[in-house]
Amino acid sequence: MNGRFAPSPTSGLHLGNLRTALAAWLFARSSGRGFVARVEDLDRDRVKAADGIAAGQLADLAALGIDFDGAPLWQSDRLADYERAAAGLELYECFCTRKEIAEAALAPHGDHRPYPGTCRDLTPAQRDAKRARRPPAWRVKVPAQTTQTVRDYWAGESAGAVDDFVVRRNDGTWAYNFAVVVDDIAQGVDQVVRGADLLSSAPRQAWLTGRLGGRVPEYAHIGLVVSPGGERLSKRDAAVTLSDLAADGWTPGDVLALLGASLGLASPGERVTAGRLLERFDPALIPPGRWVWNGQRTPG
Ligand code: GLU
């Protein structure tokens with residue numbers, strides 16, 4: 001079975017992404033798993049010139065010593081597979097706008113507001129009338145009151161409600177929460193290490209994994225990188241990609257030293273290789289919570 005790293009080719013990988021990728025590789029390799037890559041290039045609005053960006057991302061990972069088994073899977077090559085997987089689910093058309101959902105939901109739930117089921121039981125005539133005005137998104141029918149528990153290395157057992165979530169958006173794009181599950185199953189992924197911002201998506205994905213006949217993976221949602229002021233790393237306030245850092249004189253080895261220290265696997269400034277980090281790897285050494293990076297311009 002495999003671990004994986006699944007970047008979206010929207011821009012170069014920043015230090016937080018590189019650290020997550022390194023952690024995912026260490027978790028996978030230290031447990032005897034394979035490690036596979038997937039380019040999440042379905043969102044054509046956000047993903048432009050994906051080929052070049054993805055190639056740069058994979059080159060950056062290689063420069064750090066992170067290797068993959070086999071060629072990366074490109075989501076844009078898998079549209080027929082998504083059609084096939086969706087055909088096994090009970091889906092219905094949803095015509096709601098974001099605003100309508102926000103207004104209908106009983107309480108605010110951040111980004112993960114449960115869908116109130118507005119379009120679930122429309123009559124065929126109601127659907128025809130709505131379709132004339134707006135193309136539908138497609139949602140999967142989930143039994144009412146479904147909750148799904150996932151096991152996360154840091155968060156432990158964590159339960160979340162699973163609502164009728166979107167499988168295909170109304171512009172025809174397959175939704176992330178759906179494609180990620182179809183692909184994790186296809187790639188034999190049973191270990192998911194990724195950013196902590198995706199922990200709240202895990203219950204839906206785990207539920208869908210079971211529904212599609214897959215085995216629910218083990219999860220490790222690792223803390224995001226933040227500035228000393230607690231803000232998420234942004235391109236505006238620091239040099240954050242390997243090439244930004246290279247312009248300031250950082251070698252890939254310098255970056256690996258920084259990341260290794262941030263994962264509790266090296267002393268500050270110590271020269272390491274990915275192989276050396278792997279020999280030392282113990283997930284219990286990774287400091288839990290967010291990684292505060294000071295935005296230093298020079299290595300060491
Ligand atoms: N493509 C997502 C990202 O770059 C990661 C999705 C995942 O790991 O499930 O944030």
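Note that the numbering runs from 1 along the sequence shown for the chain. Only this structure's heavy atoms are used, side chains among them; waters, hydrogens and symmetry mates stay out. Counting starts at 1 for both ligands and their atoms, following the listed order.
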Practice item. For ring-ring contact (aromatic ring centres under 6.0 Å, His included), just list the numbers for Phe165 and Phe178, CA-CA rounded to whole Å, side-chain angles, deciding distance to a tenth of an Å, and then say yes or no. Key: CA-CA 9 Å; Phe165 58 93; Phe178 169 74; 8.5 Å; no
Check your understanding: Could Glu83 and Arg168 be called an ion pair, given the rule that one side-chain N must be under 4.0 Å from one carboxylate O?
Key -> yes
Study note, to complete from the structure: Short version for Leu198: what comes under 4.0 Å of ligand 1, heavy atoms counted, is side chain
Check your understanding: In the single-linkage hydrophobic clustering (I, L, V, M, F, W, Y; side-chain heavy atoms under 4.5 Å), do Val216 and Phe27 co-cluster?
Key -> no
Practice item. Please determine which of Asp121, Val167, Asp164, Leu122 meets the side-chain contact (heavy atoms from CB on, under 4.5 Å) test together with Tyr92. Key: Asp164
Review point. Of all the atoms in ligand 1, which lie at a distance below 4.0 Å from a heavy atom belonging to Glu40?
Key: 1 (N), 2 (C), 5 (C), 6 (C)
Exercise for review: Give the numbers and elements of all ligand 1 atoms closer than 4.0 Å to a heavy atom of Arg194.
Suggested key: 7 (C), 8 (O), 9 (O)
Review point. At a 4.0 Å cut-off, with the gap strictly under it, does some heavy atom of Gln205 reach an atom of ligand 1?
Key: no
Review point. Identify the closest protein heavy atom to atom 3 (C) of ligand 1: which residue and atom is it, and at what distance?
Key: Ser8 OG, 3.7 Å
**Study point:** Residue portion contacting ligand 1 (non-hydrogen atoms closer than 4.0 Å) for Tyr176
**Key:** side chain
Point to revise | Salt bridge flag under 4.0 Å for residues Asp163 and Arg139 | key: no
**Study point:** Heavy-atom nearest neighbour in the protein, as seen from atom 5 (C) of ligand 1, with distance rounded to 0.1 Å
**Key:** Ala6 O, 3.4 Å
Review point. How close does the nearest protein non-hydrogen atom get to atom 8 (O) of ligand 1, and which residue and atom is it?
Key: Arg4 NH1, 2.6 Å
Review point. What are the atoms of ligand 1, with element, lying closer than 4.0 Å to any heavy atom of Val180?
Key: 9 (O)
Practice item. Verify the neighbour count for atom CD of Glu157: are there more than 12 heavy atoms of other residues, nucleotides or ligands below 6.0 Å? Key: yes
Exercise for review: Just do the salt bridge (Lys or Arg N to Asp or Glu O under 4.0 Å) check on Glu218 and Arg33 with the steps written out, would you?
Suggested key: CA-CA 13 Å; Glu218 58 177 58; Arg33 288 179 169 83; 3.5 Å; yes
